[in-house]
Amino acid sequence: MTRTCLAVILAAGDSTRMKSSMSKVLHPIAGLPMIAHVMTAVRAAGMRDAVLVVGRDADKVTKAGSIAEMTVSSVLQTERRGTGHAVLTARDSIATGYDDVLVTYGDVPLVRPETFLAARAKLAEGADVAVIGFHAANPFGYGRLLVKDGELVAIREEKDATDEERKVTWCNSGLMVINGVRALSWLEKIDNKNAKGEFYLTDIVEIARAEGGRVVAIDAPEAELAGCNTRAELAALEASWQTRRRHELMLTGVSMIAPETVYLAHDTVLLPDVLIEPNVVFGPGVTVETGAVIHAFSHLEGAHVASGATVGPFARLRPGANLGEGAKVGNFCEVKKAEIGAGAKVNHLTYIGDAFVGAGTNIGAGTITCNYDGVNKHETRIGENAFIGSNSALVAPVAIGNGAYVASGSVITENVPDDALAFGRARQEVKPERAKVVRERALALKASKKAER
Ligand code: UD1
Ligand code: CA
């Protein structure tokens, strides 16, 4: 039988040290608010019900934390009176009755679902409280896990600890799972008689033990339990997230030449045998299929790259860019809301926006789809196996047929039928010997100016 679990996410902190106009849990990591990372891990660990304990930006935090496939509610903690008080703010949800109550923090975004599951497994085995601990490189400021005869007997906050207790490096992450049947009665026994005058959730360890409860601690890697208090810590969390995700992707068969220079979004999908060259940035919503290559210094967002396609170097794919199999988008090209058909080539210095480019078509260097009239956007449709000569301007709305040719330097304002050749430029004139006349006139002018001085 699977046990039910309520996740209580503490997110009422005031974020002072972030020096931000918004709650810190709304700050993004890999383009996704921190709180949504936490919720994603909670969901991945099989939980379906959650309550967010919110303070500032309550509505925005609730919205960002409300993810698919979960029932998420929120309660407002109006005064910040400690972690024990914060959990009790969610009293009504806890009273609904769950086997387990997980307490986790909105500003600890890298925790993995496996860690939640490991703590819950302890309750399934008969524990009443399972605290998630870690071995700290520098334990200063953390609650210390005090062990006696192999049992966790108390968590002591830095300010309340003796010198001896401060030497302990096994620390409290703040995350724990509590027996849902007994949680409320234990939480209600927490008082605020301590150095900070706060209601410490950590007191639950001694309270539960005094009532015959079984308390255990499990271990998780420190990096996973890192919190966020400052912008510098936010950047460090981003770096750790990126390192972890690149590593996961490489293990699934993605090649990266210089992984430390590749920036992924929370939802970047890279299939096996994709090659990512150095200095590539993925914004949200990108999928790259098997065998595609993203060359150096490219920026992709909201784009789909089919198998065997190549992008860059120095290419920009904006939302709605959809590259077919084996398509090529080369250096200094920008593609927005446009389909580039299978095997089509957009190789150099080009803007393709609000367009459809058929399979096998070649777009010459410097081609521009003029999609905007200053008010509205218009579409350019180019058929299959067409050829657009270099430096052409295609003034939308306009359609170019299958197999059609557009002469270099054309400004195309009218549709071009299948297999037609269109010129949209002045006819060339050649004047024999005329260059000499022009040159002599210029030289004479220069000489007369010199004589004047
Ligand atoms: C807490 C733990 C400490 C642990 C540390 C890990 C207690 C008493 N101490 O300390 O043992 O080592 O976390 O980082 O639990 N929050 C609220 N409302 C409140 C108070 C806190 O929502 O009234 C939230 C904060 O936003 C934060 C989390 O709870 O996400 C922890 O609060 P914080 O003040 O950072 O706890 P610490 O004193 O660091
Ligand atoms: Ca903290």
Side-chain angles (χ1 to χ4, degrees), residues 5-14 25 38 42 47 50-55 74-95 98 100-108 111 115-116 119-120 122-123 127-134 136 139 141-147 152-161 165 168 170-211 213-218 220 225 227 229:
C5 185
L6 172 73
V8 180
I9 292 96
L10 305 190
D14 32 38
V25 302
V38 174
V42 164
M47 289 168 256
V51 52
L52 304 172
V53 178
V54 295
S74 64
V75 285
L76 189 67
Q77 188 194 23
T78 45
E79 266 183 298
R80 217 173 165 278
R81 300 178 66 191
T83 48
H85 179 263
V87 176
L88 258 186
T89 312
R91 173 180 297 161
D92 292 351
S93 303
I94 299 170
Y98 290 90
D100 302 346
V101 172
L102 167 80
V103 178
T104 192
Y105 295 174
D107 61 352
V108 175
V111 57
T115 301
F116 290 146
R120 288 193 58 201
K122 292 293 175 193
L123 266 70
D128 295 294
V129 178
V131 172
I132 301 174
F134 64 101
Y142 291 113
R144 309 299 207 281
L145 300 188
L146 306 183
V147 177
L152 177 68
V153 294
I155 303 175
R156 193 78 72 236
E157 293 306 296
E158 175 84 29
K159 282 194 176 164
D160 300 289
E165 288 167 344
V168 172
W170 201 21
C171 293
N172 174 30
S173 69
L175 282 48
M176 62 176 78
V177 184
I178 308 165
N179 177 335
V181 178
R182 308 188 71 178
L184 275 184
S185 78
W186 290 340
L187 289 165
E188 275 159 358
K189 292 197 173 79
I190 294 174
D191 64 32
N192 63 350
K193 291 181 196 122
N194 52 54
K196 275 186 163 173
E198 286 188 356
F199 293 85
Y200 288 168
L201 173 62
T202 45
D203 285 355
I204 204 167
V205 171
E206 285 158 287
I207 293 167
R209 282 176 61 86
E211 301 204 345
R214 255 195 73 208
V215 179
V216 300
I218 65 157
L225 300 167
N229 297 300

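For the numbers below, each heavy atom of this structure counts, side chains included, while hydrogens, waters and symmetry mates do not.
- Contacts of Tyr200 classified as ring pair (Phe, Tyr, Trp, His ring centres under 6.0 Å), with partners at least two apart in sequence or in another chain: none.
- In this structure, Ala183 and Val101 approach most closely via the heavy-atom pair CB-CG2, 4.5 Å.
- Inter-residue side-chain proximity for Leu175 and Tyr105 is flagged as met; some heavy-atom pair is nearer than 4.5 Å.
- Between the side chain of Asn192 and the main chain of Phe199, no donor-acceptor pair closer than 3.5 Å is present.
- Closest of all the heavy-atom pairs between Thr115 and Ala220 is CG2-CB, 3.8 Å.
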Exercise for the section: Before giving the answer on side-chain contact (heavy atoms from CB on, under 4.5 Å), spell out for Ile204 and Leu187 the whole-Å C-alpha distance, their side-chain angles and the decisive distance to 0.1 Å. Expected result: CA-CA 7 Å; Ile204 204 167; Leu187 289 165; 4.0 Å; yes

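- Applying the ring pair (Phe, Tyr, Trp, His ring centres under 6.0 Å) criterion to Trp170, with sequence neighbours excluded, gives His135.
- The shortest distance between side-chain heavy atoms of Ile94 and Leu6 falls below 4.5 Å.
- Asp100 approaches Leu123 most closely through the heavy-atom pair OD1-CD2, 3.6 Å.
- Glu157 has its side chain out of reach of Asn194: every pair of non-hydrogen atoms, C-beta onward, lies at least 4.5 Å apart.
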Below 3.5 Å, can you tabulate the donor-acceptor pairs from side chains in residues 80-90 to any protein atom, sequence neighbours excluded?
unit_1: Thr83; atom_1: OG1; unit_2: Leu201; atom_2: N; d: 3.0
unit_1: His85; atom_1: ND1; unit_2: Gln77; atom_2: NE2; d: 2.8
unit_1: Thr89; atom_1: OG1; unit_2: His85; atom_2: O; d: 2.9
unit_1: Thr89; atom_1: OG1; unit_2: Ala86; atom_2: O; d: 3.1

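- Remark: Thr202 OG1 to Met176 CE distance equals 6.5 Å, nearest 0.5 Å.
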Exercise for the section: Could you check Tyr98 against Cys5 for side-chain contact (heavy atoms from CB on, under 4.5 Å), going step by step and ending with a plain yes or no? Expected result: CA-CA 5 Å; Tyr98 290 90; Cys5 185; 5.6 Å; no

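- No side-chain heavy atom of Arg120 sits under 4.5 Å from any side-chain heavy atom of Leu102.
- Partners of Lys196 by salt bridge (charged side-chain N to carboxylate O under 4.0 Å, His left out), not counting sequence neighbours: none found.
- Tested against Val103, the residues Ile178, Ile9, Ile132, Val177 include a single side chain to side chain contact (heavy atoms under 4.5 Å, CB included) partner, Ile178.
- A distance of 12.0 Å separates CD1 of Ile155 from CZ of Arg144, quoted to the nearest 0.5 Å.
- Taking the ring pair (Phe, Tyr, Trp, His ring centres under 6.0 Å) definition, one finds that Phe116 meets it with nothing, sequence neighbours left out.
- Smallest separation of non-hydrogen atoms from Val111 and Leu225: CG2-CD2, 4.4 Å.
- In this structure, CG in Leu52 is found 11.5 Å from CG in Leu76, a value given to the nearest 0.5 Å.
- Judged as a salt bridge (charged side-chain N to carboxylate O under 4.0 Å, His left out), the pairs with a partner in residues 172-188 (not counting sequence neighbours) are, in order, Arg91-Glu188.
- Atom CD of Glu198 sits about 12.5 Å away from atom CG of Asp191, to the nearest 0.5 Å.
- Between the side chain of Asp160 and the backbone N or O of Ala195, at least one donor-acceptor pair lies under 3.5 Å.
- The heavy-atom pair separating Lys122 from Ala130 by the smallest distance is CB-CB, 3.8 Å.
- The shortest heavy-atom contact between Gly106 and Val38 is O-CG2, 3.8 Å.
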